[in-house]
2 protein chains.
Amino acid sequence: MESRIDRIKKQLHSQSYKLTPQREATVRVLLENEEDHLSAEDVYLLVKEKAPEIGLATVYRTLELLTELKVVDKINFGDGVSRYDLRTEGADHFHHHLVCIECGAVDEIQEDLLGDVEKVVEEGWNFKIKDHRLTFHGICHRCHPKDNNEGEGSEE
Amino acid sequence: MESRIDRIKKQLHSQSYKLTPQREATVRVLLENEEDHLSAEDVYLLVKEKAPEIGLATVYRTLELLTELKVVDKINFGDGVSRYDLRTEGADHFHHHLVCIECGAVDEIQEDLLGDVEKVVEEGWNFKIKDHRLTFHGICHRCHPKDNNEGEGSEE
DNA sequence: TTATTTATTTATAATAAGTTTAAATCGTTA
DNA sequence: TAACGATTTAAACTTATTATAAATAAATAA
């Protein structure tokens, strides 16, 4: 984990930003909760455990900064809250999401399933794709216990 | 257009809701601006032209109702505002969007490009898909004038 | 080292989107 | 007509996020 923090630190420095203690605490929370999809408020509460004096606005600013640097992606699943999701290191595409309408769980799909679709869109619509957001809403494997496990995937 | 309103009226009645004048005015605004991606506030302002006495809360409630009935889809392009998009009649899938990061234009892709991807997800992740959201962010054809018009698409 | 500049943070106020509530209204139906 | 349920209005409220001004910290110049 230290090495990831180091790399983020370098990324900040390369744009002449600093990795202040507050920023570092925020990044650590994100790394320690990589599986989750935390809101700014969630992050704030977790950071407060390490650095009780931090302010909410600082968390917002840090998350904004990390979004700019493409360290995290800001997503919105339709409840009025932005969530911040660490970008998989090295991945050039933003992973996809499965949102369960029963239990609310959010799983991730790391594979890029959009390669072909993006080709079609770029050519057919003459649109230069820079980023994408793909979310499926439905019933997750935990909520419909029909055992249909023919395929397998790297989920949750 | 009248026939579409009639069908929406029937849909409301089938769930024992009424098409009140306020609701009708709201639906008409949506139909008349089918190309756009209006926020609740946008809708409110447009409805006010026809029915100046209407309240913002009513517009919100109507849009919520129409969302439940699957007449419109509520989407969020990442600015903190929900937008309401008429579902194409007869289409069982929600269309995709192209958001230009230069000019802010939002174009639609009516074709369903996700058929294969959904099959992979349902089988590989054991997830029953009910709905999807697919948005591409990039540069639209108006903003990068490279003439690369080999393909064609039904856009805006 | 001290003074000065610059970036950053804190605390708080402000804004913006959306929701809730209570009272008024409207359309039925008994 | 009286009463009921659904709906709307207006206003208050909640929640998420952003802006502002003063305080702090770090970096640099003298």
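Numbers restart at 1 for each chain; the letters A, B, ... are given by sequence-line order, proteins then strands.
Remark: B:Lys50 engages B:Glu32 in a salt bridge (charged side-chain N to carboxylate O under 4.0 Å, His left out) (not counting sequence neighbours). Remark: A:Lys48 engages no residue in a salt bridge (charged side-chain N to carboxylate O under 4.0 Å, His left out) (not counting sequence neighbours). Listed by chain and residue number, A:Arg61 satisfy the side-chain hydrogen bond (donor to acceptor under 3.5 Å, both in side chains) test with A:Thr58 (two or more places apart in sequence, or in another chain). Residues satisfying the ring pair (Phe, Tyr, Trp, His ring centres under 6.0 Å) criterion with A:Phe77, sequence neighbours excluded, are A:His37, A:His97. With sequence neighbours left out, the salt bridge (charged side-chain N to carboxylate O under 4.0 Å, His left out) criterion links B:Arg4 to B:Glu34, B:Glu89. Partners of A:Glu24 by salt bridge (charged side-chain N to carboxylate O under 4.0 Å, His left out), not counting sequence neighbours, listed by chain and number: A:Arg28. With sequence neighbours excluded, no residue forms a ring pair (Phe, Tyr, Trp, His ring centres under 6.0 Å) with B:Tyr44.
The CG-C1' distance, from A:Leu12 to D:dA26, rounds to 15 Å in whole Å. Atom C1' of nucleotide D:dA26 and atom CD of A:Glu24 are separated by 16 Å, given to the nearest angstrom. C:dT28 atom C1' lies 13 Å from atom NE2 of B:His13, rounded to whole Å. Atoms CD (A:Glu41) and P (D:dT15) sit 10 Å apart, rounded to a whole Å. In this entry the distance linking CG of A:Asn76 with P of D:dT15 reads 18 Å, nearest Å. Rounded to whole Å, the distance from CG on A:Asp42 to P on D:dT17 is 10 Å. Atom pair A:Leu56:CG and D:dT17:P shows a separation of 9 Å (rounding to whole Å applied).
Aromatic ring orientation, A:Phe136 versus B:His132: perpendicular (interplanar angle above 60°, classes split at 30° and 60°).
Using a 4.5 Å heavy-atom threshold, the side chains of A:His96 and A:Asp112 count as touching.
The stretch residues 43-54 of chain B comes close to DNA chain D through B:Glu53, B:Ile54, each having a heavy atom under 4.0 Å from the strand. Taking a 4.0 Å limit (strictly below) on heavy-atom distances, residues 58-74 of chain A reaches DNA chain C at A:Thr58, A:Arg61. Contacts between residues 16-23 of chain A and DNA chain C, defined by a heavy-atom separation under 4.0 Å, are made by A:Tyr17, A:Lys18, A:Thr20, A:Gln22, A:Arg23.
Proximity of a side-chain donor or acceptor of A:Glu122 to a complementary backbone N or O of A:Ile129 within less than 3.5 Å is detected. Judged by distance alone, the side chain of A:Asp6 and the main-chain N or O of A:Ser3 form no donor-acceptor pair under 3.5 Å. The backbone N or O of A:Lys128 sits nowhere less than 3.5 Å from a side-chain atom of B:His141 that would complete a donor-acceptor pair.
Side-chain atoms of B:Ala40 lie closest to C:dG18 of the nucleotides C:dT10, C:dG18, D:dT17.
Applying the side chain to side chain donor-acceptor pair (under 3.5 Å) test to residues at least two apart or on different chains, the pairs with a partner in residues 67-78 of chain A are A:Asp73-A:Arg87.
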- prompt: Using Watson-Crick and G-U wobble pairs whose two distances are both under 3.5 Å, how do you write the pairing of DNA chain D as dot-bracket, with | for links to another strand?
  reply: ||||||||||||||||||||||||||||||
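Among the atoms of the strands shown, none is found under 4.0 Å from any heavy atom of B:Ser39.
Residue A:Val43 forms a side chain to side chain contact (heavy atoms under 4.5 Å, CB included) with just one option from A:Asp36, A:Asn33, A:Thr26, and that option is A:Thr26.
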